[in-house]
Amino acid sequence: MTEAGKAILLVEDNADDVALTLRAFKRSHVMNTIAVARDGIEALDYLFGRDAHADRAGAPLPTLIILDLKLPKLDGLGVLKAIRADERTRLLPVVILTSSKEEQDLISGYSLGANSYVRKPVDFAEFVEAVKVLGVYWLMMNQSPPGAAP
Amino acid sequence: MKISTKGRLATTTALATIGLIAGMIWWANLEVEDASARRRQTIELTRGLTELRLVTFEYMLRRDERPRAQEREVSDRLARLIEAMPFSGAGQSEVVAHLREHSVAAHRLFEELAATPVAEGPNAADAESTRRFEAQLSSRLLILQQEGLADAFRLTDFSTERINAAQQRVVIVILAGLALIALTTVGAAWLIDRSVLAPIGKLEQATREVAAGNWNYKLAIASSDEIGDMSRNFDAMTQSLRMSFAQIERSNQELAALNQEIEAFSYSVSHDLRGPLRSMDGFSLALLEDYGDKLDDEAKDYLRRIRAASQRMGRLIDELLGLSRVTRAELTLKPVDLSEVAREIADSLAQQQPARAVRWDIEEGLTVHADKALIQIAMQNLLENAWKFTSKTDKPLIRVGAVDRDGKKECFVADNGVGFDMAYADRLFGAFQRLHHESEFPGTGIGLAIVQRIFRRHAGKIWVQAKPGLGATFFFQLKG
């Protein structure tokens, strides 16, 4: 359904949620490479090719970042701020996928430049549906900004 | 000195002065009356003396018995008058004594004159000496009588002098009294200005300062009178207000901290409690999808139950968060068209379940003063309940309107659904309280708790009237 070349970075600390999100992608036939970062610092290391991800220096950036808000070390909003502050990642599409539907989180997410805000439903069937829509929209319909990915 | 003491002192002075003047006038009146009585007596005396002179002249001319008898009578009367004279005091009693002596002497001379034979007869020399003697007697008698008259006039003068003196004294006392009263009045006015009006001006300024929020303003009037007491009480009051204010501020800060804690808690609940539920639901579904062929129907049923329970708990958490959001939300009070809010909700309910034929009766022009977002949530819950509990009714009817009770407007949402026993009405508004089985009417039992909290936040109230099988009517009242 989608091109394997376009990578997705999933920033999520909960192993269950990682497994479920990967399963949801699989069930909605999203075939892209999916990299997983378990905390905010790792996500930035991955993007900018630092420390544990030094081997990725100069490697292409992902097409889409799916970002949880509650993360160890650096939270989702901190990650988003760092992404928007760097010239290289400034235009990358970032979708916030979180359990929180606190108004304050929504406002902060959008004001820091999130492209979408999706709430994880408890019902897994609904979750699959949400991930499917996300994949279709951001990986197939949306035109990425120039220079984001090959 | 207290102002009241000063006031009493001024009043006492004025009253005493007025009393003194009144006493003086009364005394002068008595004095004048007494002096007038004496003057009348002296006038009578004068009249008697004049009469005596006339009688004497007449006797000297005619020498008959009638004037002589008259002289005796008048002399007796004069003697009685002189004896009755109440004059006292150095000059006056001397004059009276003089008068008494003179009249006694005059009477004696008159008797002597009467005893002298008439100067006529053959002896011319005798006659001549008699006449000379007679003339001498008469002259002496007339002089005595004249002196008596002079004494009487002097007595009259004494009385007149007394009257004049009394009148003069009254005038002096009245003038002095009036001066004293004027002085007291001026003093009182000065006192009122200095001890009352000026401090009241200061107090007025102080109340204005405090009203404007200057809690540190000090009046500090040091006087020992009532105004001083009031100033000290005023300063004590502002100080205690200042302390209460600081206390309230502290409590507010504590409340704000507490509120922040609740918010952090809600955030955790929203985020952390839902995660495990998602796993339970997600992996149950994964089992059903990936290993369905290896599971029998009972195992599949259990997995479905796990999913249903997870989803239900997800809804409960969401509604609990809704309840907490209603509690924390800031109120923006504005006029809200309740009829329009109700109509919109009714339309959306009818759209969601077009198969149901519910009759709506929504009164036009219902306006309440409330927070629109919260009142929408309350009406949503009330109308959804009415919609839900009429699902098994023959001809469902939902009414929204208002009634006037004791001049206060009460809005209501009424349905003809299943209703309930009023014995359970108290429990109805508690969180997670349900009066029906979930299999009959689905729901978490938190909707009415949210509704009640919304009306409480508006300082309003909500109550219910219901009968099993006949429906329920929710009344609510908002302040203003």
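Quick caveat: nothing in here was measured; it's all calculated off a predicted structure. Throughout, a chain's letter reflects where its sequence line sits, starting with A, and its residues are numbered from 1.
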request  = Kindly give the heavy-atom pair with the smallest separation between B:Ser279 and A:Asp16, and that separation in Å.
outcome  = OG-OD2, 2.8 Å

note = Smallest heavy-atom separation, B:Phe283 atom then A:Ala19 atom, equals CZ-CB, 4.0 Å

task = For residues A:Val122 and B:Arg274, determine if any side-chain heavy atom of one lies less than 4.5 Å from a side-chain heavy atom of the other.
result =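 They are in contact (side-chain heavy atoms under 4.5 Å apart), so the answer is yes.
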
pair A:Phe127-B:Asp281: side-chain heavy atoms closer than 4.5 Å = no

SB check [X] [Y] (cutoff 4.0 Å):
X        : Y        : value
B:Arg278 : A:Asp17  : yes
A:Asp123 : B:Arg315 : no
A:Arg23  : B:Asp290 : yes

Kindly check if the number of other-residue, nucleotide or ligand heavy atoms within 6.0 Å of [atom1] ([X]) is above 12?
X        : atom1 : value
B:Tyr302 : OH    : no
A:Arg50  : CZ    : yes
B:Arg305 : CZ    : no

ask   = Mind checking which of residues 70-85 of chain A sit less than 4.5 Å from chain B, heavy atom to heavy atom?
value =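 So the qualifying residues are A:Lys70.
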
Without placing hydrogens or testing angles, list every side-chain donor-acceptor pair under 3.5 Å for residues 34-42 of chain A, not counting sequence neighbours.
unit_1: A:Asp39; atom_1: OD1; unit_2: A:Ile41; atom_2: N; d: 3.0
unit_1: A:Asp39; atom_1: OD1; unit_2: A:Glu42; atom_2: N; d: 2.8
unit_1: A:Glu42; atom_1: OE1; unit_2: A:Arg38; atom_2: N; d: 2.9

Would you mind telling me which of [options] has the largest number of heavy-atom pairs within less than 4.5 Å of chain A?
options                                : answer
B:Leu277, B:Ile317, B:Leu273, B:Asp318 : B:Asp318
B:Arg307, B:Met280, B:Glu289, B:Met313 : B:Glu289
B:Ser310, B:Gly275, B:Ser284, B:Ala286 : B:Ala286

ask   = Looking at residues at least two apart in the chain, or sitting in another chain, which of them share a salt bridge (Lys or Arg N to Asp or Glu O under 4.0 Å) with B:Glu340?
value = none

Which pairs of donor and acceptor atoms, one on a side chain in residues 250-260 of chain B, lie under 3.5 Å apart (sequence neighbours left out)?
unit_1: B:Arg250; atom_1: NH2; unit_2: B:Gln247; atom_2: OE1; d: 3.1
unit_1: B:Ser251; atom_1: OG; unit_2: B:Gln247; atom_2: O; d: 3.0

